Enquirer: 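Let me begin by handing over the structure; questions about it come next.
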Amino acid sequence: MVLSARTRGGAPLPPWPADSVSPLAVAGLTVAYHDRPVLWRVDFLAPPAGLVAVLGPNGAGKSTFLKAVLGLVPKLAGEVRFFGRPLDRKSGLVAYVPQRTAVDWEFPITAVEVVAMGLYHRIGWLRPVRRRHLEAARAQLDRVGLADLADRQIGQLSGGQQQRVFLARALAQDARLYLLDEPLAGIDAASERVVVELLRELRAAGRTVIVVHHDLESVPGIFDEAMLLNVRRIAAGPVGTVLTPANLARAYGVTFTPKVAAVVGG
């Protein structure tokens with residue numbers, strides 16, 4: 001089975017074989033809410049390792065892109081493959097961290113119990129969480145600097161701490177591909193440093209991390225590649241070739257100041 005050629009960063013992609021080893025390959029992804037297109041014929045091919053920012057204005061479809069590839073919202077058209085296969089064949093290799101606003105923080109569960117959820121593919125559904133699993137979860141909380149808050153109810157944590165707990169849950173999965181929805185939004189400086197350092201550790205370990213992000217000026221200092229969206233894909237590829245003043249103007253509908261343009265590649 002071979003699908004038609006795609007494009008990446010304006011250049012043709014080679015034919016996409018069914019056994020492609022790309023962590024995430026998306027072709028023609030189209031999503032609509034109430035008959036209004038949110039994503040339109042989006043193509044994307046993730047690198048085998050590295051940090052990728054998904055960028056665009058509010059309402060551009062960034063979060064919808066992650067949800068649609070994971071099957072959390074229905075798509076009108078398009079094909080999605082994880083490591084060459086449908087998600088149900090590769091789900092153990094993929095970890096997802098939603099936006100904090102999507103979580104019920106009043107739910108009676110502790111930080112360590114949340115992190116242990118990332119071990120369910122090893123524990124097995126409906127099987128008991130044993131002491132060794134909780135110890136493994138505590139180790140991941142220690143990795144994000146929250147070992148002393150392991151038994152705290154998640155609603156009692158600060159926004160940055162909550163984000164770090166859910167990142168620890170994703171780390172517990174030991175995935176090959178991480179999809180993170182705004183992990184740096186609305187968190188304190190200490191949590192931001194922890195999250196960025198963990199992203200760099202994942203890159204060094206050969207993982208692919210796709211991050212919905214909003215701060216254009218920080219992109220070159222953190223990410224290797226970017227995809228610029230505004231319903232359609234504007235550009236994708238290395239940061240320096242994507243975040244040009246022309247592409248940014250197409251995505252955001254405004255001309256960026258010389259300062260911002262210089263930072264992001266102009």
Side-chain angles (χ1 to χ4, degrees), residues 7-11 24 26 29 31 37-40 42-47 49-69 96-102 159-160 163-164 166-167 177-203 207-266:
T7 59
R8 181 186 183 189
L24 175 61
V26 178
L29 181 63
V31 177
V38 179
L39 295 172
W40 184 256
V42 173
D43 294 344
F44 176 71
L45 191 64
L51 305 180
V52 184
V54 180
L55 306 164
N58 291 337
K62 303 184 296 295
S63 295
T64 299
F65 174 77
L66 294 192
K67 293 175 182 177
V69 300
Y96 170 57
V97 177
Q99 288 186 18
R100 287 179 45 246
T101 55
Q163 191 66 67
R164 286 150 70 180
F166 273 77
L167 182 56
L177 170 66
Y178 292 82
L179 305 176
L180 312 181
D181 196 350
E182 299 257 22
L184 296 170
I187 64 175
D188 56 273
S191 292
E192 181 174 322
R193 286 193 295 271
V194 170
V195 172
V196 170
E197 182 58 33
L198 286 170
L199 294 180
R200 289 169 175 159
E201 288 180 16
L202 289 170
R203 173 174 56 195
R207 305 305 198 255
T208 300
V209 188
I210 299 173
V211 180
V212 171
H213 192 57
H214 66 282
D215 180 11
L216 286 173
E217 291 190 42
S218 68
V219 170
I222 300 173
F223 296 95
D224 309 300
E225 298 200 9
M227 177 169 64
L228 195 56
L229 278 179
N230 192 347
V231 182
R232 297 176 182 270
R233 193 198 68 173
I234 305 299
V239 167
T241 65
V242 170
L243 298 191
T244 65
N247 285 340
L248 292 170
R250 288 176 61 201
Y252 290 86
V254 297
T255 300
F256 279 72
T257 66
K259 175 184 175 183
V260 173
V263 169
V264 300

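None of these values were measured; they are calculated from a predicted model. One is the number of the first residue; the rest follow in order along the sequence.
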Enquirer: Could you list the residues that satisfy side-chain hydrogen bond (donor to acceptor under 3.5 Å, both in side chains) with Arg203, not counting sequence neighbours?
Expert: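 Counting only residues at least two positions away or on another chain, Arg203 forms a side-chain hydrogen bond (donor to acceptor under 3.5 Å, both in side chains) with Asp224.
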Enquirer: Taking only residues two or more places apart in sequence or in another chain, which ones pass side-chain contact (heavy atoms from CB on, under 4.5 Å) with Thr64?
Expert: Val31, Tyr33, Val38, Leu39, Val73
Enquirer: Within the distance-only criterion (no hydrogens, no angle test), does the side chain of Lys62 pair as donor or acceptor with the backbone N or O of Val211 below 3.5 angstrom?
Expert: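 Judged by distance alone, no pair lies under 3.5 Å.
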Enquirer: Applying side-chain hydrogen bond (donor to acceptor under 3.5 Å, both in side chains), can you list everything that pairs with Gln99, at least two apart in sequence or on another chain?
Expert: Ser63, Thr101, Asp181
Enquirer: Output all residues satisfying ring-ring contact (aromatic ring centres under 6.0 Å, His included) with Phe65, sequence neighbours left out; order by chain, then residue number.
Expert: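 For Phe65, the residues satisfying ring-ring contact (aromatic ring centres under 6.0 Å, His included) (neighbours in sequence not counted) are Phe44.
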Enquirer: Provide the closest heavy-atom pair for Phe166 versus Pro98 in the form atom of the first, atom of the second, distance.
Expert: CD2-CD, 4.5 Å
Enquirer: Please report the shortest heavy-atom distance between Val242 and Ala236, naming the atom on each side.
Expert: CG2-C, 3.4 Å
Enquirer: How close do Val97 and Gln163 get, heavy atom to heavy atom, and via which atoms?
Expert: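 Of all heavy-atom pairs spanning Val97 and Gln163, the closest is CG1-NE2, 3.4 Å.
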Enquirer: Using every non-hydrogen atom in the two residues, find where Pro183 and Val195 come nearest and quote the distance to one decimal.
Expert: CB-CG1, 4.4 Å
Enquirer: Does Thr208 use its side chain to pair, donor to acceptor, with the backbone of Pro47 at less than 3.5 Å?
Expert: yes
Enquirer: Does the Ser191 side chain pair with the main chain of Asp188, one donor and one acceptor, at a distance under 3.5 Å?
Expert: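 No; judged by distance alone, with no hydrogens or angles, the pair does not exist.
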Enquirer: Listed by chain and number, what are the side-chain hydrogen bond (donor to acceptor under 3.5 Å, both in side chains) partners of Asn230, not counting sequence neighbours?
Expert: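 If we apply the side-chain hydrogen bond (donor to acceptor under 3.5 Å, both in side chains) test to Asn230, skipping adjacent residues, there are no hits.
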Enquirer: With side-chain contact (heavy atoms from CB on, under 4.5 Å) as the test, would you mind laying out the steps for Leu184 and Asp215 before giving the verdict?
Expert: CA-CA 9 Å; Leu184 296 170; Asp215 180 11; over 6 Å; no
Enquirer: Partners of Val194 by side-chain contact (heavy atoms from CB on, under 4.5 Å), sequence neighbours excluded?
Expert: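 Here the qualifying residues are Val144, Arg164, Leu198.
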Enquirer: Can you name the nearest heavy-atom pair linking Val239 to Phe223, along with the distance?
Expert: CG2-O, 3.6 Å
Enquirer: How close do Leu229 and Ala251 get, heavy atom to heavy atom, and via which atoms?
Expert: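 Minimum heavy-atom contact is O-CB, 4.4 Å.
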